[in-house]
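Let me begin by presenting the structure, written as structure tokens, before commenting on it.
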Amino acid sequence: MEKVSTTKIAFASFIGTAIEFYDFYIYAMASALVIGQVFFPDSDPAVQTLNAFLTFGLAFIARPFGAILFGHFGDKVGRKATLAASLLVMGISTLLIGLLPGYATLGFWAPLLLCLLRFGQGIGLGGEWGGAALLATEHAPKGKRGWFGMFPQLGPSVGFLFATLSFLGLSLWLTDAQFKSWGWRVPFILSALLVGVGLYVRFKLAETPAFAKALAEQSTHSMPIKPLLKTHLKPIVLGALAMVVCYNLFYTATVFCLSYGTTKLGIARPDFLLMLCVAVLMMASATPLSAWLSDKFGRRPVLLIGSLLAILAGFAMNTLLGDASIINITLLLSLLLFLMGATFAPMGAFLPEQFPVAVRYTGAGLAYQLGGILGASFAPSISQWLTIQGGLPWVGLYVSAMATISFVAVWLMRETAHS
């Protein structure tokens, strides 16, 4: 394959996930900063935050349905068109959230419509990752699937960085009243422009060689979910459990810690967002390193070491976050996100490699999104509740427990780097 072709494939798999995760992350940040005040104003501040986190978790419930829906067409019709459709669903939902009036205007309908649009975000994102990972790995040269599978995994780092910078800029340029009134909506509305770019790139792609061969040989299934659940249930379950550590590390650092730092510790919003910008660079640096190591030494050793270090990192939560030290908190955020990148990058190749071509889109996507329900959907709200019950040490134990689950799951999965 020509170099320009592989470059285009890498960029296309990266840009789509970057845009979709930007859309997803701006809601995560808004839920920590303002969603509760705009859509649940009659509650006390703690309940506002909890309600906002619950709407945040709703999209993770939707994501497996998106994986099944888009996986069906991705395994039956093709990767290219399905990826464009998932991006469009995500983009429309995000734009409408930015335009949705708050409780003061619509009353009860405001949080209800917010939940529906948040569900739409989850459906769209549910179909994105599996297709982007296949786009990269099914075009990858032999021995480099881990490296090419890294590009969709790098997208979330860039998407999160853009999301953080957008909220940081708004926090610096607007007053709190302006931010609450209309400023938080700007990143949602601007996402429409990014989606347009992503669609343009996606429509320029060719079908992956592996799926084109499956179509030519007529080896696809009319209902991919049936043979998938019948013969590949074990890799779905273990793959979902293996993903738990990635999700939990990320959303603990970026949603719970953001909320805790700006409310409980009284750290200014721009200061905390700047700390997150520093930390996400650590995640971005870990991603290519971990992917390269997974091609060289195998997926399992890299993932096992990353999960083990994440278990230990949970015990640092109380020490580093509890004293409101800017240096210590930045160190904690950097540690959590570095380990997230280290455990996340090999998954771009590891999960698709667990499934045959004819059910790969659905299988890899479903495992990935089920892991989101277990590791991320209610991680901020669970951490918030644990803080109320027993303080930060309990949150740290929760992080360690999630990492332990992933360690055991990866241990039970088969190595696929050289298959």
Side-chain angles (χ1 to χ4, degrees), residues 1-26 70 74 78-91 94 124-166 187 190-212 280-281 283-292 294-295 341 344-353 360-361 364-365 368:
M1 187 176 293
E2 298 177 2
K3 183 177 181 181
V4 64
S5 298
T6 56
T7 301
K8 286 181 179 178
I9 293 301
F11 180 72
S13 63
F14 155 77
I15 193 66
T17 54
I19 293 168
E20 293 224 25
F21 279 90
Y22 165 84
D23 286 2
F24 208 71
Y25 294 156
I26 56 177
F70 288 105
R79 318 314 196 195
K80 174 183 173 179
T82 305
L83 274 170
S86 71
L87 184 59
L88 189 60
V89 170
M90 181 73 175
T94 302
L125 190 58
E128 166 63 28
W129 181 86
L134 300 194
L135 181 67
T137 57
E138 289 185 351
H139 277 97
K142 186 176 181 180
K144 291 188 176 182
R145 287 196 305 268
W147 179 255
F148 272 73
M150 172 268 298
F151 288 100
Q153 307 302 77
L154 191 60
S157 299
V158 176
F160 177 76
L161 184 61
F162 284 163
T164 307
L165 288 173
S166 67
L190 290 180
S191 72
L193 299 176
L194 298 176
V195 169
V197 174
L199 287 173
Y200 175 79
V201 173
R202 288 278 167 88
F203 279 122
K204 290 287 185 178
L205 299 176
E207 191 54 78
T208 70
F211 187 76
V280 81
L281 293 177
M283 173 180 162
S285 67
T287 302
L289 174 63
S290 181
W292 176 76
S294 77
D295 275 336
F344 187 58
M347 289 297 183
F350 191 49
L351 288 185
E353 288 167 345
R360 188 174 288 162
Y361 198 129
Y368 181 90

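Since we're looking at a predicted model, the values are computed, not measured. Atom set for the values below is all heavy atoms of this structure, side chains included, hydrogens, waters and symmetry mates excluded.
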* Do the side chains of Leu83 and Leu135 get nearer than 4.5 Å, heavy atoms only? -> yes
* Leu194 side chain near Phe162 side chain, heavy-atom distance below 4.5 Å -> no
* Any idea which heavy atoms bring Ile26 and Ala163 closest together, and the distance? -> CG2-CB, 3.6 Å
* Indicate yes or no: at least one non-hydrogen side-chain atom of Tyr25 is less than 4.5 angstrom from one of Pro156. => yes
* Any idea how Tyr368 and Trp129 line up, ring-wise: parallel (<30°), tilted (30 to 60°), or perpendicular (>60°)? -> parallel
* Is there side-chain contact between Pro288 and Trp147, with at least one heavy-atom pair below 4.5 Å? -> yes
* side-chain contact (heavy atoms from CB on, under 4.5 Å) between Glu128 and Met90: does it pass, once the steps are laid out? -> CA-CA 9 Å; Glu128 166 63 28; Met90 181 73 175; over 6 Å; no
* Looking at Leu154 and Ala284, what are the two nearest heavy atoms and their distance? -> CD1-O, 3.9 Å
* Between the main-chain N or O of Thr287 and the side-chain N or O of Ser290, is there a donor-acceptor pair closer than 3.5 Å? -> no
* Test item: Leu281 and Leu161 side chains (from C-beta on) under 4.5 Å apart, heavy atoms -> yes
* For the pair Phe151 and Phe148, name the ring-plane relationship: parallel under 30°, tilted 30 to 60°, perpendicular over 60°. => perpendicular
* From Leu87 atom CG to Leu199 atom CG, the distance as rounded to the nearest 0.5 Å -> 4.5 Å
* Does some side-chain heavy atom of Val195 sit less than 4.5 Å from a side-chain heavy atom of Thr94? -> no
